Amino acid sequence: MHYFKKSLPFIAILTLLLLTACGNDSNKSAEKTSPDKIKFLETSELLTLNTTAEEDFASFTAQNQVFEGLYTLDQKDNFVPGVADGMPKISADQTKYTIKLKKDAKWSDGSQVTANDFVYAWRRAVDPKTAPGYSALFKDSIKNATEINAGKLPVTELGAVATDDTTLEITLKKPVPYFISLLSFETFFPQKESYVKEQGDKYGTDSEHTLYNGPFVMKDWGGNITNKWTYAKNDNYWDKDNVKVKEIDVQVAKDINAGVNLYNTNEADRAPLSGDFAKQYKDKKDFLTEKDALISYLRMNQKRDGKATPLANNALRHALNLSVDKKQLTDRILGDGSFPANGLLPKDFVQNPTTGADFRTDSGDHLVYNKEEALKYWKQAQKELGTNNVTIELLGDDQETTKTIFAYLKAQFEDNLPGVTIKVKNMPSKSATQLTADGDYDLSLAAWMPDFKDPWTYSSLFLSDYYNNHMSYNSPEYDKLVKSTDTTLATKPEERWNAFVDSEKVLLDDDAAILPLYQHQTAVLQRTDITGVQKHAFGSPYSYKFIQLKNQ
């Protein structure tokens, strides 16, 4: 959730490159090179194993293999106990959670994982001296977290107390319908106080200065300057009998072409695909498409340098939205199974608490491509703006996929809306992210994967006073609807659901505040004898705990 850092590496996965050295038939390499060691690829370096530091895609994936929180996800994304010894006892007013811990949950040094390990980690997550951007998850939920993060209260006042080694009591600031989901999220994982203090600044910076409590331990990771590491089975893990793989070697392949070459030469057992690569391999028996809840969209900034941008005009925002043929974008350019997004929330993410209907079914499609309607809105915008010509800057990173997408969007906008000129601005992702955070852009590319299983993770992005709103979007009606889901409707599931549905209609049908582009799907090559790779719709993208070989 924080500053889109987690979402950016997904864009790297999509990198479109020329097809070279890809003539090998992947069917010939369905066998594995070793029954005890599996070889995976990442598209970026692992930056940190400190769960209370800033995050990125590779770090989230790694942390989820070597650590475990109170709750985790099964293979159907249901919440199941991890370190917790059962589901929580929740008070009648839904603000107090009492959780018992497993007595056999241990750290990799053999010591017991205690309730104080959670209290210590959570205090670090809200302490202004150590807090990452994900402290927002604590401030939105746990009592006194906001005041502690603002320096107004000591960390000892956080609403989380260890009453004994195996009992954790949590007091919330208000009912939080998705709190159990938060407890499966990495920033809520435990840290052993004595160990962290002993390591000091080195904690989490390499495999030798980190303590583990998950299915695997980290080996051979020398810090973020290295492009290889290994997950090795943790013999101290409470559920080690269900961990079938001894080692998973990981190496970084930043482009798709390199990854495919490694796969075809048996140097990797799994490789991400995109674009033409996905089209080429889609009929192979080791080709897989994995569901994803990642939504890519364009932010539309309404104020820049203190002045209104052309995008402050509602008709122009509608015109731009309706002028993009998203199906052509997903089918011809991405080609990895991604499909058009005609809403803010993804498909197959959250369901109606009463009927079980998917959010996309209840909310329907919004801002669907319509060239004729787009032109009508554009003519209205020209009249309201007092000009026939508008120049708009389109900001994004400098990866090849982004450049390809931008070339397509520029053509769509300029061809379908005569008088619109798009100035493309590609730069390193860190710089593009900073300009976005500063509000120094017109249009910018965004991508968002949910941190927890609730519409709030998306809808809160566009509240007028929320830290992730970098578009100067301000709708009292939208604010009222979304904030009601966190206050008066927090304990009324059906009414809360309807408020989320209504808020999406305000954001898109009424205000056209953003331009949804597509819902990402992950295309990969994977050996046919590997099973159990868990792809999650929220939180950490992957779990490797249940990986095994067929007939193992």
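Keep in mind the model is a prediction, meaning the values are calculated, not measured.
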Got a donor-acceptor contact below 3.5 angstrom from the [X] side chain to the [Y] backbone?
X      : Y      : answer
Thr130 : Val126 : no
Thr433 : Ser429 : yes
Tyr544 : Ile248 : no
Asn64  : Glu186 : no

Determine, for Tyr178 and Lys453, whether the Lys NZ or Arg CZ falls below 6.0 Å from the six-membered ring centre while staying within 45 degrees of the axis. no

I'd like to check the side chain to side chain contact (heavy atoms under 4.5 Å, CB included) partners of [X]; sequence neighbours left out, ordered by chain and number.
X      : result
Asp511 : Asn314, Arg317, Tyr473, Ser475, Val506, Ala513
Ala268 : Leu41, Leu262
Lys202 : Thr205, His209
Tyr408 : Val324, Asp325, Gln328, Leu329, Ile333, Gln412

From [X] [atom1] over to [Y] [atom2], what is the distance, rounded to the nearest 0.5 angstrom?
X      : Y      : atom1 : atom2 : answer
Asp292 : Asp348 : CG    : CG    : 11.5 Å
Leu443 : Met300 : CG    : CE    : 5.5 Å
Phe538 : Ser184 : CZ    : OG    : 5.5 Å
Tyr281 : Leu525 : OH    : CG    : 6.5 Å
Leu409 : Leu517 : CG    : CG    : 6.0 Å
Ser431 : Lys425 : OG    : NZ    : 9.5 Å

Gln526 vs Asp286, side-chain hydrogen bond (donor to acceptor under 3.5 Å, both in side chains): CA-CA, chis, key distance, verdict: CA-CA 5 Å; Gln526 180 178 296; Asp286 45 358; over 6 Å; no

Do Met427 and Leu395 have side chains that get closer than 4.5 Å, going by heavy atoms? yes

Flag the pair Leu345 / Ser363 as yes when at least one side-chain heavy-atom distance between them is below 4.5 Å, and no otherwise. no

Quiz question: by atom type and distance under 3.5 Å, do the side chains of [X] and [Y] form a donor-acceptor pair?
X      : Y      : result
His536 : Ser543 : yes
Glu68  : Tyr212 : no
Thr309 : Asn301 : no
His366 : Asp509 : yes

Atom pairs and distances, side-chain donor-acceptor, residues 215-223, under 3.5 Å, sequence neighbours left out:
| residue | atom | partner | partner atom | Å |
| --- | --- | --- | --- | --- |
| Lys219 | NZ | Glu247 | OE2 | 2.9 |
| Trp221 | NE1 | Gly223 | O | 2.9 |

Derivation and outcome, side-chain hydrogen bond (donor to acceptor under 3.5 Å, both in side chains), residues Tyr441 and Arg299: CA-CA 9 Å; Tyr441 71 96; Arg299 304 179 193 88; 4.8 Å; no

Pick one: which of Trp122, Phe60, Phe189 meets ring-ring contact (aromatic ring centres under 6.0 Å, His included) with Tyr134? Phe60

Considering the options Phe67, Phe452, Phe138, which one meets the ring-ring contact (aromatic ring centres under 6.0 Å, His included) requirement together with Phe188? Phe138

Check this for me, if you would: do [X] and [Y] make a salt bridge, where the nitrogen-to-carboxylate-oxygen distance has to be below 4.0 angstrom?
X      : Y      : result
Lys410 : Glu414 : yes
Asp465 : Lys483 : yes
Glu504 : Arg360 : yes
Glu267 : Lys228 : no
Asp331 : Lys327 : yes
Asp249 : Lys39  : no

Give the C-alpha distance, both sets of side-chain angles, the deciding distance and a yes or no for side-chain hydrogen bond (donor to acceptor under 3.5 Å, both in side chains) between Gln191 and Asn50. CA-CA 9 Å; Gln191 292 180 350; Asn50 182 354; 3.0 Å; yes

What class does the angle between the rings of Trp229 and Tyr231 fall in, given that below 30° is parallel, 30 to 60° is tilted and above 60° is perpendicular? perpendicular

Assess the residue pair Asn149 and Lys139 against the criterion (side-chain hydrogen bond (donor to acceptor under 3.5 Å, both in side chains)); give the C-alpha distance rounded to whole Å, side-chain angles, the decisive distance to 0.1 Å, and a yes or no. CA-CA 8 Å; Asn149 190 250; Lys139 292 189 287 184; 3.2 Å; yes

Stepwise salt bridge (charged side-chain N to carboxylate O under 4.0 Å, His left out) check, Arg304 with Asp442: CA-CA 8 Å; Arg304 186 174 182 179; Asp442 294 332; 3.2 Å; yes

Partners of Phe413 by ring pair (Phe, Tyr, Trp, His ring centres under 6.0 Å), sequence neighbours excluded? none

